[in-house]
Amino acid sequence: LINVSDLTTCEATAQMITKARKDGVELFFDRASNMKACPIGAESACCKHCSMGPCRMNVNSPYDRVGICGATIDTIVARNFGRMVAAGTAAHTDHGMGMLELFRDVINGKNTDFKIQDPMKLLEVAKALDIVTEGRELKEIALDLYAELEKTYTQVDGEIPMMKRVPPKTLESWRKEGIVPRGAMREIMEMMHRTAIGVDQDYENLTKQISRTALADGWGGSMVSTDITDILFGTPSPVEVEVGMGVLKEDKVNIIVHGHEPILLEAMIISAADPELKKMAIEAGAKGINLIGMCCSGLDALSRHGLPHAGNFSSTEAVLVTGAVDAMCVDVQCIKQDLKRVAECYDTPFITTNYRAKIEGALHIQLDEHDPLKCTEEIVIKAITRFKTRGKTIEIPRKTGLGVHGFSYEYINYMLGGSFRGSYKPLNENIINGRIRGVAGVVGCTNPRSKQDFSHVELVKELIRNDVLVLQTGCSQLALAKAGLTGPGAAAMAGPGLAEVCETVGMPPVLGLGSCVDNSRILIAASKMVRTGGLGETIADLPAAGCAPEWMSEKAIAIGQYFVASGVYTIFGHTFPMTKGTKFEKHLFEELETKGFGKWGFADDPLEMARLMIAHIDKKRQALGIDK
Ligand code: NFS
Ligand code: SF4
């Protein structure tokens, strides 16, 4: 067995891996060390798109053969990459579509448990999409907004609505390249079609559709999801939150919600506050109900309501090992199938709630969008019952990280500009005068094939030390939160320029923006920076870079590609689904930049990631003539 200290830098997770080994319970860390990655698959050099194959290429000499149909290595790697982007885009857009349907049901009174919490944001998004708002009822505007946003998914021709928010020069370059998305369903369908046997066999042409599909995610499905969720449940503003397994309470009924669509956790918040259920919990001997989020659903509720959060993707099995979880309920995405078995080992009820994501043998309680509390109340009751029969072997790691989260792009405006929905001018000015060297997005998953949290934390430390302001989302944000770097105190670790800005404004140098779909907040922030002026005309001109140091999901590849297509240099860590020395590699890693897009990068070491990002930021500063 591998040393626990080589698997994670999260103390709580380390403690639970040790306990699980003692308890004889296998976790995914140990499976990852036992499962050797296939060297051909790791470089994406195989194809199984038809039954003449599967065909394997030679990664050491990629051009020495072709597939049975004649497909070259570039075709094979590009097609595989395209299908990853299609899958990732499908995940984010299906999630966004779900939120949009909920919005429609709320406006039409089909769901009465929720109501519109941020009408101001509703008006703002409507105005951005040229919907008339003057002298009209909110409901009328909302219905128009629904109809407009539905096009993000279903439109077959034309440009998706959010293209109106793209900086004009960036949009112009997309039009020239023919990559403006029409509608997500159309783009995903075409991507799947073009990557089938015998269709698109030109890696440059495939790359165009790969970009178009990814843009339908970032500026489409994900962006709609973020905006609609803000409208329904409130736009985040800074809130102090405790993160880490120490948020579990020995004397309370602990319920964990893990997954991605905010509806389950929002409904759970209502049920956990229900006086009758609270009374039931107290009668069972508990001091109350302790609701906790994990992964992206948790990040949504953490940003909006300051709900405590137990940790990221690599800790979802480990948290069950505490024995203190009285129920874990899940919806879609990043739900490891083995959670069911680990939960069973500790007598924790494990419940799936979305018909799209059942787990063989697991209890399923369907959440009905029109009556969501029926499902969540049943889960709370199950958790209370389990609390009553809890075993004695509970072990809760003490450690938590206290930090500030919930930085929407609107709030960044307000914070730096002085008035709510004010301006990005102060941010741009601080970049131009050099106090802030540039902006970095550090995002994405954790992965058991790399030491949990390590690269996220070391990379961010190095960036802020060099005066780079860091924006965060996803499991990466939680890594930094647990490490205590999301509080204002972290300014002490920042370079002198960034520290000065942070102290003046009273903000941390690391701004947590929320879940993975909230990467769209970074796109809007970038767009505002361009529109504000002084930093070039396209997103590609900004002194900015992105990184997902420990990525694992296809969703991450879709996100990376929409950042690259939007103009951002994007580095992925530890692995990359690419055969080295191919033309497709050169295309993604070099040529796209010469066409005015961003480009992909790869690095294994966090300091190397930081070096590449800072060098890129400096290159952009130089091009803007602000390198002093
Ligand atoms: Ni993003 Fe959220 Fe985490 Fe990765 Fe999974 S939870 S959507 S995919 S693992 S950051
Ligand atoms: Fe092989 Fe071509 Fe079939 Fe792929 S599509 S499995 S390369 S024959």
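Heads up: numbering here begins at 1 and tracks the sequence. All values derive from a computational prediction rather than experimental measurement. Whatever order the structure lists them in is the order used to number ligands and atoms, beginning at 1.
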Original post:
Under 3.5 Å, is there a donor-acceptor pair linking the side chains of T8 and Q452?
Top reply: yes

Subject >> Proximal candidate to atom 1 (Fe) of ligand 2 [heavy atom criterion; set C55, G67, G53] >> reply: C55

**OP:** Considering heavy atoms of the protein only, find what lies nearest to atom 6 (S) of ligand 1 and give residue, atom and distance to 0.1 Å.
**Re:** H260 NE2, 3.3 Å

Original post:
Which residue, S225, C296, C295, forms the side-chain contact (heavy atoms from CB on, under 4.5 Å) with S515?
Top reply: C296

Original post:
Would you say K555 touches ligand 1, if touching means a heavy atom closer than 4.0 Å?
Top reply: yes

Original post:
Would you call K580 and E585 a salt bridge, using N to O less than 4.0 angstrom?
Top reply: no

Original post:
Between K451 and E458, is the closest basic N to carboxylate O distance under 4.0 Å?
Top reply: no

**OP:** Using a 4.0 Å heavy-atom cut-off, say whether C334 meets ligand 1 through its side chain, its backbone, both or neither.
**Re:** side chain

Subject >> Nearest neighbour in protein (non-hydrogen) for atom 4 (Fe) of ligand 1 >> reply: C445 SG, 2.5 Å

Subject >> Closest candidate by heavy atom, reference atom 10 (S) of ligand 1, pool C295, C516, A556 >> reply: C516

Subject >> side-chain contact (heavy atoms from CB on, under 4.5 Å), paired with E242, selected from L307, L302, T400 >> reply: T400

Subject >> Option with minimal heavy-atom separation from atom 3 (Fe) of ligand 1, where the choices are C475, A479, S314 >> reply: C475

Original post:
Going by the order shown, which atoms of ligand 2 are within less than 4.0 Å of some heavy atom of C69?
Top reply: 2 (Fe), 5 (S), 7 (S), 8 (S)

Subject >> Under 3.5 Å donor-acceptor, N312 side chain and C475 backbone >> reply: yes

Subject >> Contact check, M552 vs ligand 1, heavy-atom distance below 4.0 Å >> reply: yes

Original post:
atom 4 (Fe) of ligand 2 to C47: any N/O/S contact under 2.8 Å?
Top reply: yes

**OP:** Measure from the ring center of Y203 to the ring center of F81 and say whether it is less than 6.0 Å.
**Re:** no

Original post:
Given M52, R79, K48, which one has a non-hydrogen atom that is nearest to atom 5 (S) of ligand 2?
Top reply: R79

Original post:
Do H305 and E266 have side-chain atoms, one donor and one acceptor, less than 3.5 Å apart?
Top reply: yes

Original post:
How about D300 and S297: does a side-chain donor come under 3.5 Å of a side-chain acceptor?
Top reply: no

Original post:
Do any heavy atoms of G444 fall under 4.0 Å from ligand 1?
Top reply: yes

Subject >> Protein heavy atom at shortest distance from atom 3 (Fe) of ligand 2 >> reply: C50 SG, 2.3 Å

